[in-house]
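One structure is given here, and the rest of the page talks about it.
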Number of protein chains: 2
Amino acid sequence: MKVSKFGGTSVASAEQIRKVAAIVSSDPSRKIIVVSAPGKRFSEDEKVTDLLIRLADATLNNEDYEAELKEVVSRYEQIATELGLSDEITQSIENDLRGRLAAGYSDQSLFIDSIKASGEDNNAKLIAAYFTHIGMPAQYMCPKKAGLLVNDRPERVRALTEGYNKLAQLREVPGIIVFPGFFGFTKDGTLRTFNRGGSDITGSIVAAAVDAELYENFTDVDSVFAANPNIVDNPMAIKELTYREMRELAYAGFSVFHDEALMPAFLKSIPVCIKNTNNPSAPGTFIVKDRDHSNRPVIGIASDSGFSTLFVDKYLMNQEIGFGRKLLQILEDEEIPFEHTPSGIDNISVIIRSKFLNEENSERIVRRVKEELEADEVRLRTTDYSMVVLVGEGMRFTTGLAARAATAIAESGANIQMINQGSSEVSLVFGIDKKDEKIALKSLYKEFFSLIMI
Amino acid sequence: MKVSKFGGTSVASAEQIRKVAAIVSSDPSRKIIVVSAPGKRFSEDEKVTDLLIRLADATLNNEDYEAELKEVVSRYEQIATELGLSDEITQSIENDLRGRLAAGYSDQSLFIDSIKASGEDNNAKLIAAYFTHIGMPAQYMCPKKAGLLVNDRPERVRALTEGYNKLAQLREVPGIIVFPGFFGFTKDGTLRTFNRGGSDITGSIVAAAVDAELYENFTDVDSVFAANPNIVDNPMAIKELTYREMRELAYAGFSVFHDEALMPAFLKSIPVCIKNTNNPSAPGTFIVKDRDHSNRPVIGIASDSGFSTLFVDKYLMNQEIGFGRKLLQILEDEEIPFEHTPSGIDNISVIIRSKFLNEENSERIVRRVKEELEADEVRLRTTDYSMVVLVGEGMRFTTGLAARAATAIAESGANIQMINQGSSEVSLVFGIDKKDEKIALKSLYKEFFSLIMI
């Protein structure tokens with residue numbers, strides 16, 4: 001059986017939901033359908049989730065929220081009407097929302113979670129009703145009933161694998177299951193939403209729990225591309241890539257799939273397929289455990305900007321046991337994660353995402369490193385720095401690849417500020433000035449993907 | 001004024017000491033002469049220091065030590081005789097040694113320090129006597145009297161800068177001062193020897209304290225070379241390099257000057273000159289604060305082997321604040337320093353000198369990383385790994401240099417396992433298999449030093 005997740009744009013309108021029904025009915029192994037809240041129908045449109053956040057805010061501010069409520073309900077109403085469903089479903093959605101609003105709140109953030117989660121929950125009910133209406137055997141499944149357990153606050157929300165056994169029983173449910181994405185329940189029954197990855201992560205959890213043969217992730221692109229289409233013209237589509245490759249690409253700017261969402265599927269070695277709801281016959285991109293990488297060592301080139309560098313120099317540093325650890329401790333005290341730590345003999349640099357730095361913590365970090373580590377020199381360089389990452393499982397088997405990549409960057413005129421190779425077997429990272437990011441990426445793409453076949 | 005240090009081979013025999021006298025008298029600014037114990041006169045010869053260690057061992061084992069004592073004394077006696085000195089100096093050296101042996105010991109290691117240090121101490125007395133004998137105004141200077149203060153045990157021995165004020169008064173002493181290298185005294189008068197860098201460090205300390213215009217380090221090579229002459233035929237001699245360049249080269253296998261010995265001179269910006277006692281008219285190699293690096297971005301290529309790699313992989317590692325710090329903490333608990341930490345997205349490698357690892361601590365490290373950090377994969381790769389380091393102040397101003405270097409290595413057939421660039425402004429480090437070290441170094445030398453001038 002397959003678990004198929006449909007993202008916001010795939011379930012944004014009656015027209016889109018008809019496509020979903022066609023996709024699901026075309027393959028009897030598509031048993032569990034995970035759905036998002038209705039997304040944007042056109043680029044200036046608002047997602048239902050954003051409407052729901054406005055509704056929750058109005059309520060928390062003790063304002064009259066009837067206008068906001070109506071806006072949400074009318075989105076569902078329009079879909080239901082166009083799908084030929086009776087008023088009953090719209091009425092039940094409005095009742096559900098009024099119930100959530102009237103329930104009041106002891107905790108504002110849990111209240112917002114409950115309102116936001118209604119977007120997916122009610123869409124799942126609506127889609128199940130439509131499937132039934134057109135004769136497909138389908139039912140809505142409540143995540144609480146199904147056993148999608150999450151951890152308690154204040155930890156960042158994540159699924160508890162102890163819920164998997166109960167979720168696995170979904171295999172035995174006859175017909176099609178329509179499952180809302182984005183939220184789960186703690187053991188004491190409190191609803192919590194996933195901060196990141198949203199419905200993708202629900203699909204991944206369910207696929208892992210039921211041990212699906214495939215986790216399909218339907219979105220609005222035909223496939224994952226070898227480079228950012230906004231920078232490189234008509235980049236090649238990737239047919240197949242490994243979890244590790246996807247993770248490295250996602251880290252450095254590929255936004256198709258949130259990396260955290262891959263985790264449950266990865267741990268159970270469930271293959272994932274990224275497909276396009278608007279072009280379901282396209283083969284899509286498969287994310288798998290292993291692939292044949294003999295013909296192409298590099299599968300993709302990603303880039304991301306917004307990095308800063310903390311440079312620390314101290315004569316004879318490398319004879320000082322504990323220096324590196326103390327430096328990282330100072331960052332940890334400020335709750336700042338780091339990306340890379342290139343080092344010389346007497347110096348070390350720490351590459352940090354600039355979003356974690358502000359004037360206050362920067363000043364504190366520089367001062368503490370100077371004073372506590374007795375460094376000769378400490379510099380925090382916050383001018384924008386980009387990382388360009390070459391990703392591919394075949395790279396480690398290819399002599400001379402780093403030379404080709406460095407030459408391609410040099411020929412583009414970009415100056416390489418940093419190279420990090422040697423730990424990851426699937427990536428090679430170059431640090432360059434942000435202004436050089438595009439020319440470097442284009443040049444690398446040309447080097448590794450424009451091979452003329454004769 | 002200049003401080004001139006003469007190493008073991010420069011003061012190994014009467015013939016060599018005559019060269020030293022000629023060098024010193026040829027330049028009136030050579031005021032303070034720091035000397036080693038007599039070194040090897042030919043390649044199978046034994047250093048006096050090694051004879052002294054045997055003497056100390058015999059004493060500690062309660063064996064008859066007259067034979068060992070005689071061997072030491074006869075080395076001085078031969079030198080004194082050939083220099084035309086009276087028996088008086090040999091007798092005083094024998095008396096000094098018998099006094100040290102008779103003093104007994106409450107602590108074996110301090111006793112060994114005292115016996116070993118006699119090598120330099122007595123040689124300084126002998127050389128001062130010779131200088132006086134040939135009419136040069138000279139005197140032996142005891143480090144205790146001069147104020148060469150060192151820290152107390154059990155810390156690793158190092159000079160205390162609070163002694164510098166007293167040492168600075170050496171400027172006012174008339175005539176030539178002959179100062180023994182290798183040892184100093186704690187505040188309570190206990191003799192301690194420098195573990196590493198020996199007499200080089202004494203020269204560096206004295207040069208710093210008296211604010212010398214130049215610290216000359218006389219040895220048995222004409223200069224520092226751009227690459228190891230045992231690997232590259234007739235490598236270029238380096239006329240001038242910076243402290244930072246010297247430090248990076250020394251770290252990666254250049255053994256001319258122990259890096260720790262540079263520290264005192266470096267901190268006071270005192271230029272250092274490496275010269276050859278056997279060819280004093282050769283210009284030697286200057287180590288300075290700044291140099292003009294416009295004509296040659298790379299000044300030297302060093303390499304060293306004996307590295308191991310600890311590889312740690314964990315899915316979503318880079319979102320886990322504190323992961324890197326905890327990893328380094330485990331190494332710190334084992335008192336193991338690390339060299340570099342290349343990292344991917346979900347993995348990090350720590351490069352460690354293999355000499356710090358044994359079966360026991362390796363097992364402990366791997367187990368702790370697995371258990372405490374809940375890593376998915378931990379591998380300690382102890383097969384021999386080499387580092388090849390390109391050094392040069394001009395490198396950071398040269399676009400495409402990393403590409404040229406990586407290409408040169410790739411063309412040699414060596415596979416690059418690691419690249420570390422981005423922190424040090426003066427070095428670029430490549431990790432390769434030890435078997436490829438020589439071919440990679442030759443190829444890099446050819447790329448950066450065989451420029452044909454037309």
Side-chain angles (χ1 to χ4, degrees), chain A residues 244 247-248 251-252 259-260 263 266-267 309 311 315-316 318-322 324-325 328-329 331-332 335-349 351 399-400 402-411 413-427 429 431, chain B residues 244 247-248 251-252 259-260 263 266-267 309 311 315-316 318-322 324-325 328-329 331-332 335-349 351 399-400 402-411 413-427 429 431:
Chain A
R244 299 204 293 179
R247 163 95 177 112
E248 303 257 354
Y251 162 80
D259 44 10
E260 215 171 320
M263 182 85 150
F266 162 75
L267 291 174
T309 309
F311 171 84
Y315 199 70
L316 298 182
N318 98 319
Q319 292 182 14
E320 206 176 313
I321 292 180
R325 193 266 309 157
L328 297 184
Q329 181 71 62
L331 291 173
E332 191 177 338
E335 294 182 24
I336 292 175
F338 69 92
E339 305 300 313
H340 299 288
T341 53
S343 56
I345 311 303
D346 285 337
N347 47 64
I348 185 165
S349 291
I351 302 193
T399 301
R404 278 175 67 192
T407 303
I409 294 176
E411 282 171 356
N415 199 5
I416 299 172
Q417 307 279 358
M418 186 203 82
I419 308 178
N420 196 330
Q421 186 209 345
S423 183
S424 171
E425 293 176 323
V426 298
S427 73
V429 180
Chain B
R244 298 203 293 178
R247 164 96 176 111
E248 302 257 355
Y251 162 80
D259 45 10
E260 213 171 320
M263 182 85 151
F266 161 76
L267 290 174
T309 310
F311 171 84
Y315 199 70
L316 297 183
N318 98 319
Q319 294 182 13
E320 206 176 314
I321 291 180
R325 193 266 308 159
L328 296 184
Q329 180 71 62
L331 292 173
E332 190 177 339
E335 294 181 26
I336 293 174
F338 69 91
E339 306 299 313
H340 299 288
T341 53
S343 56
I345 310 305
D346 285 338
N347 48 64
I348 185 165
S349 291
I351 303 195
T399 302
R404 277 174 68 193
T407 303
I409 295 176
E411 282 172 356
N415 199 5
I416 299 171
Q417 307 278 357
M418 185 202 83
I419 307 177
N420 195 330
Q421 187 210 344
S423 181
S424 171
E425 292 176 324
V426 298
S427 74
V429 180

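Each chain gets a letter, A, B and so on, in the order its sequence line appears, and its residues count up from 1.
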Item to check | Segment of A/Ala414 engaging chain B (4.5 angstrom heavy-atom cut-off) | outcome: backbone
Checklist outcome for this item: When every non-hydrogen atom of B/Ile419 is compared with those of A/Ala402, the smallest separation belongs to CD1-CB, 3.7 Å
Checklist outcome for this item: salt bridge (Lys or Arg N to Asp or Glu O under 4.0 Å) filter on A/Glu320, not counting sequence neighbours, yields A/Lys314
Checklist entry - Which heavy-atom pair separates B/Glu248 from A/Asn347 by the least distance, and what is that distance? => result OE2-ND2, 4.3 Å
Checklist entry - Checking A/Glu339 against chain B: side chain, backbone, both or neither under 4.5 Å from a heavy atom? => result both
Item to check | Option in B/Asp346, B/Ile409, B/Val429 with maximal non-hydrogen atom pairs under 4.5 Å from chain A | outcome: B/Asp346
Next on the checklist: Which residues pass the side-chain hydrogen bond (donor to acceptor under 3.5 Å, both in side chains) test with A/Gln329, not counting sequence neighbours?
Outcome noted: A/Asp333, B/Arg325
Checklist entry - Quick one: what part of B/Ala405 sits under 4.5 Å from any heavy atom of chain A, side chain, backbone, both or neither? => result neither
Next on the checklist: Run the side chain to side chain contact (heavy atoms under 4.5 Å, CB included) test on A/Asn420 and B/Asn420 for me, step by step, so that the C-alpha distance in whole Å, both residues' side-chain angles and the decisive distance to 0.1 Å come before the verdict.
Outcome noted: CA-CA 6 Å; A/Asn420 196 330; B/Asn420 195 330; over 6 Å; no
Next on the checklist: Tell me the closest heavy-atom pair linking B/Thr341 and A/Thr341, and the distance in Å.
Outcome noted: OG1-OG1, 2.5 Å
Checklist entry - Looking only at heavy atoms, which two atoms of A/Leu328 and B/Gly324 are closest? And how far apart? => result CD1-C, 3.7 Å
Checklist entry - Side chain, backbone, both or neither: which part of B/Tyr315 has a heavy atom under 4.5 Å from chain A? => result both
Item to check | Nearest-0.5 Å distance that lies between atom NE2 in B/His340 and atom CD1 in A/Ile348 | outcome: 10.0 Å
Item to check | Shortest non-hydrogen contact between B/Pro342 and A/Gln421, atoms and distance | outcome: CB-O, 3.9 Å
Next on the checklist: Heavy-atom pairs under 4.5 Å with chain A - which of B/Arg247, B/Met263, B/Glu411, B/Glu335 has more of them than the others?
Outcome noted: B/Arg247
Checklist entry - Which heavy atom in A/Gly400 sits nearest to a heavy atom in B/Ala410, and how many Å separate them? => result CA-CB, 3.6 Å
Item to check | Residue B/Ile336 versus chain A: region with a heavy atom under 4.5 Å | outcome: backbone
